[in-house]
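I have placed the structure first, in the form of structure tokens, so that the comments after it can refer back to it.
Ligands are counted one by one from 1 in listed order, and the atoms in each one are counted from 1 as well.
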Amino acid sequence: MIYTRGRAHLDTVTLEISVGEPPEQSASPVPQPPSPRLTAVQAVVTGRCNLSCDYCNVRLLGLGGKDMDRPAAERVVELAAEAPADRVVMVTGGEPLLVPETTMWILQKVDPPKVLFTNGTLIDRRTAEELRRLEVSPVVSMDGMADAHDPLRCGSWKRAARGLDLLREAGVPYGISAVVSRRNLEGIADHMLGVWKRFRPIGMGFNIVHWTPEGFHPPSGEEYARAMEEVFRTALAHGIFTDQIARRIEPLVTGSYRHRDCSAMGGKVVLGPGGRVSNCISSEGMSDWSRRTPAFMEECRGCHAAGICGGGCAWDGIQLGGDGPDPRHCVWVKRVLDLFLEDVEAGFGEGPVSREALGRRYAPLLSRDTSPVAGSVGHPQ
Ligand code: SF4
Ligand code: SF4
């Protein structure tokens, strides 16, 4: 029943905001995506970490143990300089602050936008001030308040919280990113709100746990969709920029088309320890994933969510969907579309709605800050 409503409203909204085609018209409704271009350079400066989190794909894929050497760090800087000006440089690990010399050397050499992904536990006052001086935007991992975070992340909540406090005191804008797993599904809205009120990040993220060859105990698509339903409602009620929600809502509000969900689908180079070069931290070597998008996947033909989807994480799609997308992704993306359409109806009633009116209502869910952490880092339109 809910899809029937969604479709009916999509027909109306489609006319006005050009989001895909109704599902009945299944003959190639998805326009060809533009050729990918380099939008992200990622430096995996170490495979080591001071924590050992439940679901960490770096640990479970066996990437650990080594650090990036100076020639590889120099290559990161060269690539960042050669890339288009709107590219983002991402410094990640393992935990990048375990190798502060390499991390800070790269961050000093490259121009913004530059984002540091960290568990936050090793941030001290000096590091926070240096990050501000270098105009670095950190994203700190936090899976909820302490009772949700600690069992998943080795009891590190207090140390991560101190890192966030030091960033705020130093005037550094930051994002907070959570992994949604079986252990923190319950009460996710309370955790989201608790973290939001306590730390006031510029943006938040809720990632589905990635596939790993062992230790993979993910929520089902339905469970993740219920969690994202809570996240959507909370973001809307409190005006919280939430990466995964913004990626779906922006095409609906602006009339644009989300062709690819991740820069790893042809727009990213990842350099790591031991001379490792790939398009995604999880994969080995440069794989061409540019066709893992709704325009090319048979499963997506006629899907009413194709305009907002981008195909999801290509790595998870390969592991869990074969030639098609990650089926968990499809469930929650369609749920968010339904919720949006229901909200449009509740807010505006039946009939066409102007893009301006949509823009006003949903502006709090869209990026409204120039900081890269108020956007989808590594997942551009
Ligand atoms: S990936 Fe799933 S939700 Fe996205 S367009 Fe394809 S079938 Fe639809
Ligand atoms: S494809 Fe993108 S979202 Fe998926 S694991 Fe790789 S970098 Fe992450």
Side-chain angles (χ1 to χ4, degrees), residues 3 6-7 10 19-23 26 28-31 33 36 39-44 55-58 60-61 63 88 90 92 115 117 139 177 179-180 205-212 216 218 221 224-225 228 243-244 247-248 251 257-272 278-338 340 376-380:
Y3 280 151
R7 284 177 185 172
L10 185 68
V19 181
E21 295 289 330
S26 59
S28 191
V30 184
T39 53
V41 177
Q42 181 175 354
V44 183
Y55 42 66
C56 172
N57 53 346
V58 173
L60 293 167
L61 291 170
L63 307 180
V88 65
M90 300 185 280
T92 72
V115 178
F117 287 82
V139 174
S177 178
V179 175
V180 179
F206 292 86
N207 300 289
I208 194 164
V209 64
H210 288 305
W211 180 88
T212 48
F216 182 56
Y224 189 65
M228 292 310 281
D243 178 3
Q244 290 74 11
R247 285 188 227 168
R248 312 302 153 212
Y257 208 96
R258 185 161 190 88
H259 289 288
R260 298 185 175 89
D261 206 25
C262 178
S263 50
M265 297 151 122
K268 177 157 78 166
V269 177
V270 183
L271 293 109
S278 60
N279 60 312
C280 161
I281 190 169
S282 297
S283 75
E284 279 205 44
M286 289 298 287
S287 307
D288 181 4
W289 292 351
S290 59
R291 292 171 73 88
R292 293 200 68 89
T293 74
F296 299 109
M297 291 192 282
E298 195 55 40
E299 288 78 354
C300 304
R301 282 188 160 243
C303 175
H304 63 296
I308 66 169
C309 166
C313 165
W315 167 255
D316 289 340
I318 290 164
Q319 305 302 332
L320 299 168
D323 291 336
D326 173 356
R328 303 172 303 167
H329 173 81
C330 302
V331 181
W332 82 260
V333 166
K334 289 172 184 170
R335 181 71 51 82
V336 166
L337 177 55
D338 284 338
F340 176 82
S376 288
V377 182
H379 303 93

*Would you say E299 touches ligand 1, if touching means a heavy atom closer than 4.0 Å?*
yes
Atoms of ligand 2, numbered as shown, that sit under 4.0 Å from any heavy atom of [X]:
X    : answer
C313 : 1 (S), 3 (S), 4 (Fe), 5 (S)
C280 : 1 (S), 5 (S), 6 (Fe), 7 (S)
K268 : 7 (S)
A314 : 1 (S)
W289 : 1 (S)
C262 : 1 (S), 2 (Fe), 3 (S), 7 (S)

_If the cut-off is 2.8 Å, does any N/O/S atom of C303 fall short of it from atom 8 (Fe) of ligand 1?_
yes
_Go through it in stages, so that I can follow the logic: the residues are V269 and M286, the test is side chain to side chain contact (heavy atoms under 4.5 Å, CB included), and I'd like the CA-CA distance, side-chain angles, deciding distance and then a yes or no._
CA-CA 8 Å; V269 177; M286 289 298 287; 4.2 Å; yes
*asked:* Taking 4.0 Å as the limit for heavy-atom contacts, which would you say applies to M265 with ligand 2: side chain only, backbone only, both, or neither?
replied: neither
*Can you tell me if D261 uses its side chain to pair, donor with acceptor, with the backbone of G311 under 3.5 Å?*
no
*Hey, is the main chain of V179 close enough, under 3.5 Å, to the side chain of Y55 for a donor-acceptor pair?*
no
*Min side-chain heavy-atom separation Q244-W332 under 4.5 Å*: yes
In the protein, which heavy atom is nearest to [atom], and how far is it?
atom                    : answer
atom 2 (Fe) of ligand 1 : C330 SG, 2.3 Å
atom 4 (Fe) of ligand 1 : C309 SG, 2.3 Å
atom 6 (Fe) of ligand 1 : C300 SG, 2.3 Å

